[in-house]
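Heads up, the thing below is written out as structure tokens.
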Amino acid sequence: MNTDPKTFLRCIDTACGATYPIDQVLFECDRCGNLLDILYDLTGIDASALKQTFLQRKLSRDPRDLSGVWRFRELIPFLPPEARIISLREGNTPLLPSRTSGEYAGLPLIHFKHQGFNPTGSFKDNGMTAGVSQGAALGRKSIACVSTGNTSASLAAYASYGGMQAVIFIPVGHIAAGKLAQSLDYGALTIQVEANFDGTWQVVRNVLEQAGIYLLNSVNPFRIEGQKTIIIEAMEQLDWEPPDWIVLPGGNLGNTSAFGKGLRELFDLGFLSRMPRLAVIQAEGAAPLHRLLRQAASEGKDPAEMCPPVIADPATLASAIKIGAPVSWKKAVRELAATKGVCEIVSEQEIADAKAVIGRSGIGCEPASAASLAGTRKLVASGVIAPDANVVAVLTGNSLKDTDYTLAYHQGELKFTSGQRTQPIEPRMANQPVVVPPDSAQILTLLRKSLH
């Protein structure tokens, strides 16, 4: 286990500042209850030299270098050299330029950092390799999470690959079938709880502590360290020339926490000449962070000093961001302040249309991912993002994660229910299949009419 005193856990509340050894299994400060950061002594790092090292490792056969997380290990040095790394070659995800999606957003071009190219199809793999490897270093045999889908799929895969038992708690009726199928296929003990995500989380977290099972939700700071490498890799792909904005969906806000921490560290170490701004996009019916920030602004208060944001019954078809009480809210507030960032909300219609545009760009994504493009479009229209800005939008999951949503949209059957109200989603960009008889003349006529 890593016993380097220069690597430790520290409470995120600067007024508290309590510190703990890196091998202590702790997710909240014992003194004040706030979340924890992992801190390192990174003095002496030569950014220019390390950039070259990162590039050279792309030619290496070392299993660590084949990972888009552990290739950057000098910036996440919490494991001792002898530790076993559990990796499925995660990361290494592309940065895809799109003019079609850019023009839809009101920009000449937009870049998508597509985390759906990960082994289990979402950004969770970047964090899971770090969290599961830490669990193995601690000698844990069982790991668990509460999830609306992507976390459970990722944890199940990495646990099985690492010879550990995965325990998945899923709120009944709040998970896409594709994600549930992954958890089952990877052999996880899958427990469905009759509550939403937040209710399940409140019931389960204390049970796991009593059972001695290692928790791998985003409260786990090692998960955040792995997700931090998404930003490191994106900056490398841009040849370390930072964009103006990085736009991402906001659910439990772990990525917001990770991206901000990564950007701050890269800037402080001299990898970046300036800080990009973060824009967190939430669904209208599941926007506790947006509500908190708006209230704080109207009352002239520091949002970090206010009560935790809670929406008792969050509602959105984008299940991956259907979170009413995000545990990482205070970290997210900190990172938005550090990057002069913003939080915006988008409607179900805006998410659905943006998803269709991303699909027509030949890229595709799960519904929650499309909030990034929908939010970018809204922020450009309002003048927050300049029309000539360089924007990287994060797509968090693969398009096959929720095929029911996609089919329903294109068939004109997608509906959104909130409370007693059901709202149909207009299929503004529907692409319905055409049924024809086995008649060559009719097929030829259809082709001549349809093709440009």
Side-chain angles (χ1 to χ4, degrees), residues 93-117 123 230-250 255-256 259-260 262-263 266-267 272-284 287 290 318 321 335-336 339-399 409 426 428-429 431:
T93 60
L95 191 67
L96 302 171
S98 174
R99 295 197 181 277
T100 300
S101 292
E103 290 170 0
Y104 175 78
L107 301 167
L109 183 75
I110 193 169
H111 283 87
F112 289 121
K113 179 61 173 166
H114 204 328
Q115 294 305 107
F117 282 69
F123 75 94
I230 298 169
I231 281 297
I232 300 172
E233 184 176 70
M235 295 303 102
E236 181 189 52
Q237 289 167 325
L238 291 169
D239 200 22
W240 304 101
E241 180 59 36
D244 299 307
W245 288 89
I246 297 168
V247 187
L248 68 156
N255 261 351
T256 310
F259 290 8
L263 289 171
L266 289 174
F267 179 77
L272 300 179
S273 59
R274 59 185 175 83
M275 288 277 280
R277 299 178 69 182
L278 289 176
V280 179
I281 314 301
Q282 297 195 297
E284 279 182 346
H290 182 266
I321 54 174
E335 305 309 343
L336 287 179
T339 62
K340 298 180 181 178
V342 299
C343 182
E344 184 56 275
I345 55 172
V346 289
S347 69
E348 296 299 305
Q349 184 71 55
E350 288 171 319
I351 292 173
D353 290 342
K355 183 183 182 310
V357 170
I358 295 168
R360 288 194 178 186
S361 302
I363 295 172
C365 65
E366 70 170 339
S369 296
S372 294
L373 180 60
T376 300
R377 177 182 169 92
K378 195 167 182 179
L379 290 169
V380 171
S382 66
V384 175
I385 294 180
D388 59 349
N390 185 350
V391 177
V392 171
V394 180
L395 302 181
T396 49
N398 188 283
S399 61
Y409 177 84
E426 295 181 31
R428 295 172 179 170
M429 301 176 196
N431 181 25

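Note that the numbering runs from 1 along the sequence shown for the chain.
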Legend entry - Results of side chain to side chain contact (heavy atoms under 4.5 Å, CB included) for S98 - residues two or more places apart only: T100, S101, I110, F112, S361, I363

Legend entry - For S399, all residues meeting side chain to side chain donor-acceptor pair (under 3.5 Å), sequence neighbours excluded: none

Legend entry - Qualifying residues under side chain to side chain donor-acceptor pair (under 3.5 Å), relative to Y409, sequence neighbours excluded: D353

Inset, instruction - Quick one: which residue pairs count as a salt bridge (charged side-chain N to carboxylate O under 4.0 Å, His left out) with a foot in residues 359-369, not counting sequence neighbours? - result: K179-E366

Inset, instruction - Taking atom types as modelled, find out whether E335 and T256 have a side-chain donor-acceptor pair closer than 3.5 angstrom. - result: no

Legend entry - Residue of the set R274, R277, K340 for which salt bridge (Lys or Arg N to Asp or Glu O under 4.0 Å) holds with D244: R274

Inset, instruction - Sequence neighbours left out, what pairs pass side-chain hydrogen bond (donor to acceptor under 3.5 Å, both in side chains) with at least one residue falling in residues 370-389? - result: none

Inset, instruction - Please lay out, stage by stage, how I230 and N255 fare under the test side-chain contact (heavy atoms from CB on, under 4.5 Å). - result: CA-CA 9 Å; I230 298 169; N255 261 351; 4.1 Å; yes

Legend entry - Results of side chain to side chain contact (heavy atoms under 4.5 Å, CB included) for Q237 - residues two or more places apart only: L95, K113, E233, A234

Inset, instruction - Using a 4.5 Å cut-off on heavy atoms from C-beta on, say whether the side chain of F123 contacts that of V394. - result: no

Legend entry - Considering all heavy atoms, the nearest P243-M235 contact: CD-CE, 3.6 Å

Legend entry - For P97, side chain to side chain contact (heavy atoms under 4.5 Å, CB included) partners two or more places apart: L109, H111

Inset, instruction - Could you grab the distance from atom CH2 of W245 to atom CG of L107, nearest 0.5 Å is fine? - result: 12.0 Å

Inset, instruction - List in chain and number order the residues that pass side chain to side chain donor-acceptor pair (under 3.5 Å) with T396, two or more places apart in sequence or in another chain; answer none if no residue qualifies. - result: S369

Legend entry - side chain to side chain contact (heavy atoms under 4.5 Å, CB included) partners for A368, two or more places apart: A318, A320, I321

Inset, instruction - For residues P367 and I351, report the shortest heavy-atom separation together with the two atoms involved. - result: O-CG2, 3.3 Å

Legend entry - Residues that E103 engages under salt bridge (charged side-chain N to carboxylate O under 4.0 Å, His left out), provided they are two or more places apart: none

Legend entry - Any V247 side-chain heavy atom under 4.5 Å of V391 side chain: yes

Inset, instruction - Ignoring hydrogens and angles, tell me if any N or O in the side chain of Q349 forms a donor-acceptor pair with the backbone of E426 under 3.5 Å. - result: yes

Inset, instruction - Applying side chain to side chain donor-acceptor pair (under 3.5 Å), name anything that partners E348, two or more places apart in sequence or on another chain. - result: T316

Legend entry - Heavy-atom closest pair, residues A105 and V380: O-CB, 3.3 Å

Legend entry - R428 atom CZ, over 12 foreign heavy atoms within 6.0 Å: yes

Inset, instruction - Output the distance between atom NE2 (H114) and atom CG (L395), rounded to the nearest 0.5 Å. - result: 5.0 Å

Inset, instruction - Kindly indicate whether the side chain of L248, heavy atoms from C-beta on, has any atom under 4.5 Å from the side chain of I281. - result: no

Legend entry - A354 to L373 - nearest heavy-atom pair and separation: O-CD2, 3.7 Å

Inset, instruction - Report yes or no: does E350 contribute a side-chain atom to a donor-acceptor pair with the main-chain N or O of S347 at less than 3.5 Å? - result: yes

Inset, instruction - Check the pair L278, L263 against side-chain contact (heavy atoms from CB on, under 4.5 Å), reporting the backbone distance first and the verdict last. - result: CA-CA 10 Å; L278 289 176; L263 289 171; 4.1 Å; yes

Inset, instruction - With sequence neighbours left out, write down each residue that passes ring pair (Phe, Tyr, Trp, His ring centres under 6.0 Å) with F267, or none if nothing qualifies. - result: none

Inset, instruction - Compare all side-chain heavy atoms of C365 with those of N398 and state whether any distance is below 4.5 angstrom. - result: no

